[in-house]
Asker: 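Structure provided below as structure tokens; questions to follow.
In this text, all values refer to a predicted model and were calculated from it rather than measured experimentally. We count ligands from 1, going down the list as the structure has it; atoms in each ligand are counted the same way.
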Amino acid sequence: MKQNESRILIFGGTGYIGSYMVKASIKLGHPTYVFTRPDSNKTDILTEFQSMGAIIVKGRVDEHDKLVAAVREVDVVISALAYPQVLDQLKILEAIKIAGNIKRFLPSDFGLEEDRVSALPPFEAFLNKKRRIRRAIEEAKIPYTFVSANCFGAYFINYLLHPSHPNKQDITVYGSGEAKAVLIYEEDIGIYTIKVATDPRTCNRVVVYRPPANVVSQLDLISLWEKKTGRFLNKTHITEQEIVTLSQSLPDPENIPVSILHSVFVKGATADFEIGDDLVEASPLYPELKFSTVDQLIDIFLKNPIKPASAAFG
Ligand code: NAP
Ligand code: EMF
């Protein structure tokens, strides 16, 4: 597969992270198809995509024939469907099997490296659904790339530091605040995901986005933020035991975010494993590209505060 000739179909392309992938795919010159529900309320972004040259395909994942026809038009399928739709990807996989032409499938992972983390039960149940999709793709022998993008940078800065409330100076520190976490700017996730989706070196590999300048503790992040803004934050620590108790007492699905925070900021699960030969770290693959560092990410954020929508867990 020549990298510059791939036609790319994106599911969930109107969504939070999917929209960065659609824009990156168009920017990198790929014929780009966006699969969206006929009654999707994301009309503004669909109009924007169309004006940029994307081809909009309207349908539902349970419309099998429509799915097969859409898949037959392209070389690469990327799913950025939201968490509640994770198991719907089995329907996409069925269509890919029937169509028989797909050179690469990227399922909706884009978080912690799910085959190398062990989490609190609510997050474990979340990850189990994503693992089930990975195993089904492997079993079907469809060429894949599994992407661990770690923490969406602007999303997590917003969540941890709530910069859209400049007067809100009380912030929560999870555990000691010293565990290292990996934060990646969403625009970079878009570009690198399109690059790895069309790269022969990443076929049937797990790719991790973990450049050294993007590994940061919560306390580092807070002091960087304080230095750049001149505003000081009141930190309240929540202990590991309190986090575990919350994960047990909150109803489903509200018990998921707190369990994710436990993995990322108490356990350091995005940064605590070696990247050996069984994984590919994306940053050295493309000398012409660079991930924005955490320092740059804060600058970007301060210039143009992005207010990410909250994630869907239902
Ligand atoms: P999202 O914005 O919530 O949704 C993506 C798209 O899914 C929507 O735009 C919509 O497209 C489609 N969709 C929504 N509801 C649907 C339904 N009921 N049936 C069918 N399709 C529906 O997704 P996201 O938050 O970007 O999440 C994408 C992936 O990133 C997930 O795997 C999630 O776990 C992961 N994630 C990771 C992080 C991180 O920090 N690493 C943070 C957030 C999310 P249409 O309206 O066009 O049909
Ligand atoms: O709300 C979240 O985290 C708490 C702030 C969820 C949506 C984020 C998420 C992050 C992940 O890894 C960092 C979902 C899936 C992930 O693997």
Asker: Is Lys42 close to ligand 1, meaning an N/O of one under 3.5 Å from an N/O of the other?
Answerer: yes
Asker: Look at the side chain of Gln218 and the backbone N and O of Tyr174, then say whether any donor-acceptor pair between them is shorter than 3.5 Å.
Answerer: yes
Asker: For Phe11, which residues count as a ring pair (Phe, Tyr, Trp, His ring centres under 6.0 Å) partner, sequence neighbours excluded?
Answerer: Phe35
Asker: Can you confirm whether more than 12 heavy atoms, excluding those of Arg132, are under 6.0 Å from its CZ atom?
Answerer: no
Asker: Whether Asp188 and Lys195 form a salt bridge (side-chain N of Lys/Arg under 4.0 Å from carboxylate O of Asp/Glu) is what I want to check.
Answerer: no
Asker: Below 4.0 angstrom from a heavy atom of Gly15, which ligand 1 atoms are there? Numbered from 1 as shown, please.
Answerer: 2 (O), 5 (C), 9 (O)
Asker: Please state whether Phe35 comes within less than 4.0 angstrom of ligand 1, counting heavy atoms only.
Answerer: no
Asker: Just grab all the ring-ring contact (aromatic ring centres under 6.0 Å, His included) pairs involving residues 195-254, residues at least two apart or on different chains.
Answerer: Tyr209-Phe291
Asker: Relative to atom 5 (C) of ligand 1, which among Ala80, Gly18, Cys151, Pro84 owns the nearest non-hydrogen atom?
Answerer: Ala80
Asker: Which is closest to atom 1 (P) of ligand 1 in terms of heavy atoms, Pro107, Gly13, Ala82?
Answerer: Ala82
Asker: Against heavy atoms of Asn150, which atoms of ligand 1 measure under 4.0 Å?
Answerer: 39 (C), 40 (O), 41 (N)
Asker: Quick one: does any side-chain atom of Thr202 pair with a main-chain N or O of Thr145 as donor and acceptor, under 3.5 Å?
Answerer: no
Asker: Which of the atoms of ligand 1 are close to Lys130, meaning less than 4.0 Å from one of its heavy atoms?
Answerer: 31 (C), 32 (O), 33 (C), 34 (O)
Asker: Verify the neighbour count for atom CD of Glu187: are there more than 12 heavy atoms of other residues, nucleotides or ligands below 6.0 Å?
Answerer: no
Asker: Distance under 4.0 Å to a non-hydrogen atom of Thr14: what atoms of ligand 1 satisfy this?
Answerer: 8 (C), 9 (O), 10 (C), 11 (O), 45 (P), 46 (O), 47 (O)
Asker: Which is it for Gln85 and ligand 1 at heavy atoms under 4.0 Å: side chain, backbone, both or neither?
Answerer: side chain
Asker: Find all atoms of ligand 2 within a distance of less than 4.0 Å from any non-hydrogen atom belonging to Tyr159, and give their numbers and elements.
Answerer: 5 (C)
Asker: Does Tyr83 come within less than 4.0 angstrom of ligand 2, counting non-hydrogen atoms of the residue?
Answerer: no
Asker: Is Leu112 in polar range of ligand 2, meaning some N or O pair under 3.5 Å apart?
Answerer: yes
Asker: Just by distance, do the side chain of Glu226 and the backbone of Leu233 share a donor-acceptor pair under 3.5 Å?
Answerer: yes
Asker: Can you figure out which of Ala149, Gly111, Ala181 has its heavy atom closest to atom 16 (C) of ligand 2?
Answerer: Gly111
Asker: Is there a heavy atom in Phe156 that sits closer than 4.0 Å to ligand 2?
Answerer: yes
Asker: Relative to the heavy atoms of Phe126, which atoms of ligand 2 are at a distance of less than 4.0 Å?
Answerer: 14 (C), 15 (C)
Asker: May I ask you to list the atoms of ligand 1 that are less than 4.0 angstrom from any heavy atom of Gly111?
Answerer: 41 (N)
Asker: Around atom CG of Asp44, are there more than 12 heavy atoms from other residues, nucleotides or ligands closer than 6.0 Å?
Answerer: no
Asker: Where's the contact between Tyr155 and ligand 2, heavy-atom distance under 4.0 Å: side chain, backbone, both or neither?
Answerer: side chain
Asker: Between Lys267 and Asp272 (salt bridge meaning N to carboxylate O under 4.0 Å), is one present in this structure?
Answerer: no
Asker: Using side-chain heavy atoms (C-beta onward) and a distance below 4.5 Å, is Phe265 in contact with Phe156?
Answerer: yes
Asker: Out of all atoms in ligand 1, which are within 4.0 Å of some heavy atom of Phe126? Include the element for each.
Answerer: 34 (O)
Asker: State whether a side-chain donor-acceptor pair under 3.5 Å links Thr270 with Asn150.
Answerer: no
Asker: Within 45 degrees of the axis of the six-membered ring of Tyr286 and under 6.0 Å from its centre: does Arg201 put its NZ or CZ there?
Answerer: yes
Asker: Test your reading of the structure: does Asp88 have an N or O sitting under 3.5 Å from an N or O of ligand 1?
Answerer: no
Asker: Look at atom 31 (C) of ligand 1 and find which of Ala154, Ser108, Pro257, Gly59 reaches it with the closest heavy atom.
Answerer: Ser108
Asker: Answer with yes or no whether Phe152 contacts ligand 2, where contact means a heavy atom under 4.0 Å from a ligand atom.
Answerer: no
Asker: Report the part of Ile260 (side chain from C-beta onward, or backbone N, CA, C, O) that has a heavy atom under 4.0 Å from ligand 2; answer both or neither where that applies.
Answerer: side chain
Asker: Any Lys/Arg nitrogen of Arg135 or Asp115 sitting under 4.0 Å from an Asp/Glu carboxylate oxygen of the other?
Answerer: yes
Asker: Please verify whether a non-hydrogen atom of Asp109 lies at under 4.0 Å from ligand 1.
Answerer: yes
Asker: For ligand 1, which atoms sit closer than 4.0 Å to a heavy atom of Phe156?
Answerer: 40 (O)
